[in-house]
Each structure stands twice: as C-alpha cells, then as structure tokens.
Colleague: 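The structure that follows is given in the form of structure tokens.
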There are 2 protein chains.
Amino acid sequence: MSPEATRDLDTRERLLVAGTELFGRKGFNGCGLTEVLQQAGVPKGSFYHHFSSKEEFGVAVIERARDQHLDEMRPLLGDRRLSPLQRLRTMFEQARADCAASGANAECLIPKLALETGSLSESVHAAVKCAYQQWSAMLAQVLREGQNLHEIDRKHDADHLANVLIMLWEGAAIRMQIDRNIAALDDFQTFVFDTLLRHPGAQSS
Amino acid sequence: MSPEATRDLDTRERLLVAGTELFGRKGFNGCGLTEVLQQAGVPKGSFYHHFSSKEEFGVAVIERARDQHLDEMRPLLGDRRLSPLQRLRTMFEQARADCAASGANAECLIPKLALETGSLSESVHAAVKCAYQQWSAMLAQVLREGQNLHEIDRKHDADHLANVLIMLWEGAAIRMQIDRNIAALDDFQTFVFDTLLRHPGAQSS
DNA sequence: CGCTATAGACCGACCGGTCGGTTTTCTGAC
DNA sequence: GTCAGAAAACCGACCGGTCGGTCTATAGCG
C-alpha cells in the first residue's frame, strides 16, 4: 500500500470507527457530527473531503459494519471440520460473544440505524437490504446442508427458516439493548439450538 | 367529566396522537417539537404546560401506545368463545392488520423509540420494560391454556415461548419497516401458526 | 377574581454544511 | 535528484437554520 493510500484510509477509517461506536450508542440523529469528529480527531474540512454529507457517512458506516460481519461469518459458516449445525451454533455464539464484549455487533447496529434513517434515503435502504440478503443466503445454505444430512429438522423450508432466524436474532438484539443484558441472546440460543433446529432423534452433542 | 378536564385532555391527547404518528415515522430525535406542535395545532406554551420536557413527552407517548395495545390485546386474548390458539392467531392477525393499515403498531413503535432513547433516561426504560412484561405475561397465559388442551405443542416452556414470540414479532416488525411491506409479518404468521405452535396431530382449522 | 390553559416571541446552544486558506503529496520536466 | 505546479488532504472560522426550553402576556373558565 502506497503512503497516500495509507493516509487516506487512516483518516477515513478513524471516522468510520468513531461513527460506528457513537451511532451505535446514541443513534444517528442523537449524535452530532461534532462529537464524531472529536472522537476521531479529524477536523470538519477533512470530513467533507471524504464524505459529502452526514447521510453518506451513515451509509458508509452501515456498509462497513455489514462487510465486517460477513467477513466474520464466512469462515465460521464455511468451516468444513464442523457439521452444519455446529457451524451455525459457532457463528451465533461468536455473535453473542461480540455483543457481550461490546454491547452490540453489526446485526444489532444495522437495523437500529435503518429504523432511524429509513425515511431518509434510498442509499441506506439499499445498503441494509443488501446486508439482509447476504446474511440470509449464507444461513440458508448451511441450513440446507444440515437438513440434507438429517442433522437439522426438515420441517421448515431452509430459506424461510433463515429469514426467521435473522428476525428472531434481531428481536433478541433489541431486547438485549433494552434490557441492558444478554439474557435475550441466551434465550435465542436455547430456543434455536435446543428445540427449533433439533432433528427428531439427533444427538445434542 | 368536567369541561376543563375535557379541555385538558383534548390538547394533551392531540399532542400524543401527533407524537405517536411522527415519532413512529421519523424517530424521536429525527422529529423536532415544532413539527409535532404544528401537526397537533398546539402552541409551545401549551405544550410545556402539559409536559415538562420532550423526554417526558416521549415517555408519555410510549405509555399511551403500550396501554392502547394492551387494551386491544386483552379482549382478543380473553375471548373464551375461541380456543387458545385461535385467540393468539386472532390477536396477531389484528396486529398485522394494524400494521398494514398504518405502517406500525405499538409493538413496532415502542422498541424503536426505546432503542433511540435508551441512553437517555430511566423513565423510558421503566415504561418499556413494563410493556414487555405485560405482553409476555398475557401471551404466556394463553399459551399455557393451549398446551393444557393439547392444542399447542408442549415442547416449549410457555414463558420462554412467550418471550420468543415477542422477539420474533419485533424482528419481523423491523423487517417490515425496512422492507416497507408486510411480507415479514406474513412469514411470522406462517412460521408460528403453521409449524412452531402446531401440536403434532392437531388440525390446522 | 383567581387559577388554569393558551400563546408566541425570544434565548443560547447546536446542527449540518460552506468555503477560503494552508499544508502535504504527487507528477512530470529538466 | 531537484523543482514548480497541480491535486489531494487538511483546517477551522463562519453561515443560516433548527433545536429544546424560557417566560411574560393574554384568554378562558368557574
């Protein structure tokens, strides 16, 4: 990487890191640009060199969170040393651990920002929908594998089930944020892995 | 009711109606007081006679939505002419119809506002938790009845299941707001009533 | 009349964004 | 390698507008 690219990414990245943390905590409209800039240590003129508006910045924060989450999910869901069900469990346990450590992860941040800014722009809308589609597709693939191996109950259509799992996770994430503890995520894990996905006759190991 | 009380409630109620609609659409921080006042046709001095701050107003909006939702749920979940499962189905179908008609209902509005204002005050927090506890208790009671009648699968603990249903509904509500259609709520219905709650051997009618 | 409720001008703070100036980096000519 | 000019990136004072809240005056009511 050339020096100017390093400089460019450094400032921009610092902004995105600060935006991710502050928008996650205070919301998009609840946190002014000034605060983001202070935390990132970037003056206003620099900000507008990189992003044409706060809204474009918000889209970039969402896209970054999405891509990071996908990068995290991919190796976990693709780990062929484990069975499909184990891969799913590992992935959700990692997500739970992320939430326990920092209070939120991309799957919590993105819908939160989307709800708040949903009436603003098509860019936000498109970025969020893209995230959901990718998450859903990845989950559905692993679910299908598990069903084919008789490890996961075939009662539910895999695509439908993937959507349901994401919705349930989002609901649990809301409760976590409201309750300020991760009990809801534990409920999610228990429900999904101990009963919902359980194949009649499969071992729980 | 005395005339001044009518007068008092009229202005206050107009504010709460406007707040419910605008906060639901634009969020708490995304919608300024001026806009609420314009829609309600209430001058600023009057607003501050009834509410000491925007935050207190937000809490009142949440509490009103919660109580209205409970008032709506109660007769549906308590209708003994129907079986427990049918009562649940009717209630969620009514909620779905509310969302289809107006874009949201209390169960969508409350977590949305809670996420946005969660770092603000204990009052919001307390009001939201109270809502969840009441919804959950009501659902759990009906689920338990259905399980006792072998109408609803006993695989899941009723209290746990009530929490899961609420989380799943919240997740579906988020998707609805993001996708701008109610397909996610239909997925919720299909999943919950056609598979999840179905008692092995029970008729679907 | 006294109290409640309304009315709206006003306040300082904060908002997102603008814009002229400065510094740093890059590029091509010599 | 040096240098001059251009481009990229940084810098922060400034802007008009909006924000939530204050406060004095007035209207309405019993």
Side-chain angles (χ1 to χ4, degrees), chain A residues 1-20 22-23 25-62 113 116-124, chain B residues 1-23 25-62 113 116-121 123-124:
Chain A
M1 187 174 293
S2 62
E4 68 271 13
T6 302
R7 180 188 178 193
D8 195 7
L9 282 181
D10 188 39
T11 302
R12 193 175 193 271
E13 185 66 11
R14 281 183 4 243
L15 286 165
L16 291 172
V17 169
T20 301
L22 288 167
F23 290 166
R25 205 165 14 101
K26 301 189 168 192
F28 182 79
N29 290 310
C31 171
L33 264 188
T34 305
E35 195 169 358
V36 174
L37 299 178
Q38 273 174 359
Q39 178 153 322
V42 173
K44 201 105 167 236
S46 294
F47 174 84
Y48 282 102
H49 173 79
H50 291 279
F51 304 100
S52 65
S53 66
K54 188 186 182 185
E55 184 173 314
E56 182 186 318
F57 177 57
V59 172
V61 167
I62 287 173
L113 294 191
E116 210 181 343
T117 60
S119 54
L120 292 188
S121 84
E122 282 304 310
S123 305
V124 174
Chain B
M1 184 173 294
S2 62
E4 67 270 11
T6 303
R7 179 187 178 190
D8 195 7
L9 281 181
D10 189 40
T11 302
R12 193 175 192 272
E13 184 67 12
R14 287 190 349 252
L15 285 165
L16 292 171
V17 169
T20 301
E21 199 261 311
L22 287 167
F23 289 165
R25 208 167 11 101
K26 301 186 166 195
F28 183 78
N29 289 310
C31 171
L33 265 189
T34 304
E35 195 170 355
V36 175
L37 299 179
Q38 272 175 358
Q39 178 153 324
V42 173
K44 202 106 166 236
S46 293
F47 176 85
Y48 283 101
H49 173 79
H50 292 282
F51 304 100
S52 65
S53 65
K54 187 185 181 185
E55 184 171 313
E56 183 186 314
F57 177 58
V59 172
V61 166
I62 287 172
L113 293 191
E116 210 181 340
T117 59
S119 54
L120 291 188
S121 84
S123 304
V124 174

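A, B, ... follow the sequence lines: proteins, then strands. Residue 1 opens every chain. Computed from a predicted structure; not experimentally measured.
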Colleague: Is the centre of the B:Phe28 ring less than 6.0 Å from the centre of the B:Phe57 ring?
Modeller: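 Here the rings of B:Phe57 and B:Phe28 have centres that are no less than 6.0 Å from each other.
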Colleague: Under 3.5 Å, which protein N or O atoms sit close to an N or O of nucleotides 11-13 of chain C? Give each pair with its distance.
Modeller:
none

Colleague: Looking at A:Glu116 and B:Glu116, would you say the former's side chain and the latter's main chain have a donor-acceptor pair under 3.5 Å?
Modeller: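 Not confirmed, A:Glu116 side chain does not pair with B:Glu116 backbone.
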Colleague: Going through the checks in order, is the side chain to side chain contact (heavy atoms under 4.5 Å, CB included) test met by B:Val36 and B:Phe23?
Modeller: CA-CA 9 Å; B:Val36 175; B:Phe23 289 165; 4.1 Å; yes
Colleague: Please identify each residue that fulfils side chain to side chain contact (heavy atoms under 4.5 Å, CB included) with B:Ser53, with sequence neighbours left out.
Modeller: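 So B:Ser53 forms a side chain to side chain contact (heavy atoms under 4.5 Å, CB included) with B:Glu55, B:Glu56.
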Colleague: I need the CG-P distance between A:Leu37 and C:dC15, as an integer number of Å.
Modeller: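 Result: 11 Å.
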Colleague: Which residues satisfy the side chain to side chain contact (heavy atoms under 4.5 Å, CB included) test with B:Ala60, sequence neighbours excluded?
Modeller: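 For B:Ala60 the side chain to side chain contact (heavy atoms under 4.5 Å, CB included) partners, ignoring immediate neighbours, are B:Arg12, B:Leu16, B:Phe51.
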Colleague: Within this structure, what is the NE2-to-P distance between B:His49 and C:dC3, rounded to whole angstrom?
Modeller: 14 Å
Colleague: Rounded to the nearest 0.5 Å, how far does CD of A:Glu13 lie from NE2 of A:His50?
Modeller: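 Reported to 0.5 Å precision, the distance equals 11.5 Å.
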Colleague: With sequence neighbours left out, write down each residue that passes salt bridge (charged side-chain N to carboxylate O under 4.0 Å, His left out) with B:Glu35, or none if nothing qualifies.
Modeller: B:Lys26
Colleague: All N/O contacts under 3.5 Å from nucleotides 16-19 of chain C to the protein, with atom names and distances to one decimal?
Modeller:
{"unit_1": "C:dG16", "atom_1": "OP1", "unit_2": "A:Lys54", "atom_2": "NZ", "d": "2.6"}
{"unit_1": "C:dG16", "atom_1": "OP2", "unit_2": "A:Leu33", "atom_2": "N", "d": "2.8"}
{"unit_1": "C:dG16", "atom_1": "N7", "unit_2": "A:Lys44", "atom_2": "NZ", "d": "3.4"}
{"unit_1": "C:dG17", "atom_1": "OP2", "unit_2": "A:Tyr48", "atom_2": "OH", "d": "3.2"}
{"unit_1": "C:dG17", "atom_1": "OP2", "unit_2": "A:Lys54", "atom_2": "N", "d": "2.7"}
{"unit_1": "C:dG17", "atom_1": "N7", "unit_2": "A:Lys44", "atom_2": "NZ", "d": "3.2"}
{"unit_1": "C:dG17", "atom_1": "O6", "unit_2": "A:Lys44", "atom_2": "NZ", "d": "2.8"}

Colleague: Quick one: is B:His50 getting a side-chain N or O under 4.0 Å of the C:dT6 phosphate, OP1 or OP2?
Modeller: yes
Colleague: Nearest whole Å is fine: how far is C:dT6 C1' from B:Arg14 CZ?
Modeller: 11 Å
Colleague: Can you pull out every side-chain hydrogen bond (donor to acceptor under 3.5 Å, both in side chains) where at least one residue sits in residues 36-48 of chain A? Sequence neighbours excluded, please.
Modeller: A:Glu21-A:Gln39
Colleague: Nearest whole Å is fine: how far is D:dA9 P from A:Leu15 CG?
Modeller: 13 Å
